[in-house]
Participant: 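Right, I'll just put the structure down here and ask away after.
Computed from a predicted structure; not experimentally measured. Labels below follow one simple rule: chain letters A, B, ... track the order of the sequence lines, proteins then strands, and each chain is numbered from 1.
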Protein chains: 2
Amino acid sequence: MIFQIDFKAGKPVYLQLVDQIRYAAAAGRLRPGEPLPSIRPLAEELRVNRNTIAKAYAELENQGVIETLPGKGCFLKANSSPFTKPIRDKLLLTEIDEAVVMAHHLQIDRDKFLALVQERLDYFERKSTNPNGGK
Amino acid sequence: MIFQIDFKAGKPVYLQLVDQIRYAAAAGRLRPGEPLPSIRPLAEELRVNRNTIAKAYAELENQGVIETLPGKGCFLKANSSPFTKPIRDKLLLTEIDEAVVMAHHLQIDRDKFLALVQERLDYFERKSTNPNGGK
DNA sequence: TCTGCTGTCCTATTACTGTAGGACAGTCGG
DNA sequence: CCGACTGTCCTACAGTAATAGGACAGCAGA
């Protein structure tokens, strides 16, 4: 599990980590129960303070993506999403609307958009179904 | 054209404006060539500094959503998106992936997700085709 | 129990971002 | 040409967010 941090990306390091881990989980490159890299070694490898990693992990725990076992480490959760159904619906709707609005402004027509969505769904599904999905 | 600002939303006022205007444009509630509210009156109405509105408009101009005619005002552009095709593709792909990853973590299955996407496409298309789309 | 690992809390500093007010430039109608 | 409107630039201030280092707590193996 290697992460790519871009220090001149403008985006906070801890958020880059959050994104990459969420993405990796959705792509099946990280599997439920699998341990995440421990905070200190990862911090050293990425040349960042430990608290930066800790903040990313804390955020992921809030989102229900990972869980922390005191003294043992952090692990990818099996059943994500601690949120109620109405909240989950709203979260997803917001994301979808953002994509749809973006498509409008980029002048991407409906068919092309739908094709792209299916392609990405395939991409993630294939990866997360295939044990060697990662790379 | 009325905007709803939530001061305790945590989200910056100028970004709330940007979102609402992008959304309104995609929904056809704002039409190409149509003038946006002038900065000062709108600022007064929303109880914000003019520069907060100006910042939102500047951001929208960067995104190619609106254009500014010096001394005259700001207007919704007809052909949005000043970006090259590869950049546009990347922008859209990022949005779509975010939605797909979100769906994964919320445990929304493929069919439900696709149905939601179509529903939102319908929603925006209907609005932007119907002159009284707004409300 | 001691050592070395795990994550966590508290605190401090730094940098940045959001917001604000004053002065300026372009346009238009009297 | 003057006044009232348009948006813009510059500067300043305040709050917050990102990052960092020290000290602490839980677990496991020697």
Participant: Using whole Å, what does the distance between atom P of nucleotide C:dC5 and atom CZ of A:R50 come to?
Facilitator: 14 Å
Participant: In whole Å, what is the span from the CD atom of B:E67 to the C1' atom of D:dT6?
Facilitator: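 Distance check: B:E67 CD to D:dT6 C1' gives 15 Å.
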Participant: Does the side chain of A:Y57 come within less than 4.5 Å of A:I21's, by heavy atoms?
Facilitator: yes
Participant: Whole angstroms only, please: what is the CG-P distance between A:N49 and C:dT8?
Facilitator: 14 Å
Participant: Taking only side-chain nitrogens and oxygens of B:S38, does any of them come within less than 4.0 Å of OP1 or OP2 of D:dT6?
Facilitator: yes
Participant: Do the side-chain N or O atoms of B:K72 get closer than 4.0 angstrom to the phosphate oxygens (OP1, OP2) of C:dC28?
Facilitator: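 So the side chain of B:K72 is within the cut-off, an N or O lying under 4.0 Å from OP1 or OP2 of C:dC28.
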Participant: Please check the phosphate of D:dA20 (OP1 and OP2 only) for any side-chain N or O of A:T52 closer than 4.0 Å.
Facilitator: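 Yes.
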Participant: Can you check the B:L60 CG to D:dG7 P distance for me, whole Å?
Facilitator: 13 Å
Participant: A:R88 and A:S81: which non-hydrogen atoms are nearest, and at how many Å?
Facilitator: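 Answer, listing the atom of A:R88 first, then A:S81: CD-OG, 2.6 Å.
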Participant: In terms of the nearest nucleotide of DNA chain C, which residue is placed more toward the 5' end: A:G10 or A:P41?
Facilitator: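 Looking at the nearest nucleotide for each, A:P41 comes out on the 5' side.
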Participant: Should A:N51 be listed as having a side-chain N or O under 4.0 Å from OP1 or OP2 of D:dA20?
Facilitator: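 No, outside the criterion.
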Participant: Given atom CG of B:L46 and atom P of C:dT19, what is their separation to the nearest angstrom?
Facilitator: 12 Å
Participant: Looking at the rings of B:F124 and B:Y23, which for Trp means the six-membered one, are their centres under 6.0 Å apart?
Facilitator: yes
Participant: Indicate yes or no for a side-chain donor-acceptor contact from A:Q63 to the backbone of A:L60 under 3.5 Å, with no hydrogens or angles considered.
Facilitator: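 Between the backbone of A:L60 and the side chain of A:Q63 there is no qualifying donor-acceptor contact (under 3.5 Å).
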Participant: Just the rounded figure in Å: distance from P of C:dT6 to CG of A:L42.
Facilitator: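 That distance rounds to 11 Å.
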Participant: Counting distance alone, no hydrogens or angles: does the base of D:dG7 have a donor or acceptor under 3.5 Å from a partner atom on the side chain of B:R40?
Facilitator: yes
Participant: Looking only at the side chain of B:P70 (C-beta and beyond, no hydrogens), which of the listed nucleotides C:dA20, D:dA18, C:dG26 gets closest?
Facilitator: C:dG26
Participant: How do A:L15 and A:G71 order along DNA chain D: which one's closest nucleotide is nearer the 5' end?
Facilitator: A:L15
Participant: Can you measure B:Q16 atom CD to C:dT19 atom C1' for me and round it to whole angstrom units?
Facilitator: 14 Å
Participant: Does some side-chain heavy atom of A:F75 sit less than 4.5 Å from a side-chain heavy atom of A:L69?
Facilitator: yes
Participant: Using whole Å, what does the distance between atom P of nucleotide C:dG18 and atom CZ of B:F7 come to?
Facilitator: 15 Å
